[in-house]
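Every number for a ligand or one of its atoms is a count from 1 in the order of the listing. Residue numbers run from 1 in the order of the sequence given.
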Amino acid sequence: MHNAAFAALGLNWCYVACEVDPKNLRTAIAGAKAMGFSGLNLTVPHKLLAVDMMDVLDASAKKWGAVNTVHFTERGAVGYNTDADAVTTSLREDLKIKVRGARVLVLGAGGAGRTATLKLASERVAELFLVNRTRSKAETIAAEIEKHYPSVKISLGYPKGGVDLVLNATSLGLKPEDAAPLDLKQFKFKQTPAVYDMIYRPAETPFLHAARMAGCKTVNGLSMLLHQGAKAFEIWTGRAAPLPVMRRALEENVYGPVQS
Ligand code: ATR
């Protein structure tokens, strides 16, 4: 998506993927800087490790405790986090959800679930319901939210009534044999108008398919990937990201060429 965006804007830039052993991360960042790279994206497990390797941390990286975007500037390596914003941008743009004041059921309390839940709380959703196989992890997130965002109501377990959104942040659905992330004995799709699955491969998990068949509006996680990338693009280039170009390139890369 970045290379397509560079081409669309006539920038003679190039985005490459390099596999880096975590023990070499510091050297790799210094090497990229020495070679005149404009910036980097980092993914698991480097996002947390890189926090201590930046010359400057943007407020976003401080807030989320993780760096997924590095920009080399005269101030040195500046670390940003564009993942968290991508959660709510995607909900607003793709599901047309008004996050403030919404009631949301979040499935999953791993890394992705924690970031999404805290981001929703920081944007003042009205109420959050957390469901996770390991209850203690959901309890830890609930305690964080109670401390930092006391106006947000938070409870563990399924809601009795309706919500505005169900968000799957578990890894269930990545493999065809996976169980559903949602217990349909405890929660029915008619209790929500919208369902978001952070998984984007497969394009439609059995869970998302069932939600769509039940009449819910559905979106997969590809657009979070798009929005975190678009933000990074803007940080590096100072130009507005050509979103449709990036979305098309991303879809072709992940799902194969579009038949026309
Ligand atoms: P990520 O960084 O993608 O969030 P993660 O931190 O490993 O990955 O989190 C995976 C999430 O999927 C967790 O919520 C995990 O539940 P646990 O906290 O109980 O581990 C959930 N998950 C993974 N496999 C699961 C399974 N078989 N049944 C239920 N939940 C599962």
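If you look at ligand 1, the protein residues with a non-hydrogen atom under 4.0 Å away are Gly108, Ala109, Gly110, Gly111, Ala112, Asn132, Arg133, Thr134, Lys137, Thr170, Ser171, Leu172.
Between Glu123 and Arg100 there is no salt bridge, since no side-chain nitrogen of the basic residue lies less than 4.0 Å from a carboxylate oxygen of the acidic one.
The two residues Gly65 and Val51 make their nearest non-hydrogen contact at O-CG2, 3.5 Å.
Connectivity analysis of hydrophobic side chains (ILVMFWY, heavy atoms under 4.5 Å, direct or indirect) links Leu184 to Leu105, Leu107, Phe129, Val131, Tyr158, Val163, Val166, Leu182, Phe187, Phe189, Val195, Phe207, Leu208.
When atom types are taken as modelled, the side chain of Asp94 and the backbone of Val219 share no donor-acceptor pair closer than 3.5 angstrom.
His2 and Phe233 have parallel rings, their planes meeting at less than 30° on a 0 to 90° scale where 60° marks the start of perpendicular.
Atom CD of Glu177 has more than 12 neighbouring heavy atoms from other residues, nucleotides or ligands inside a 6.0 Å radius.
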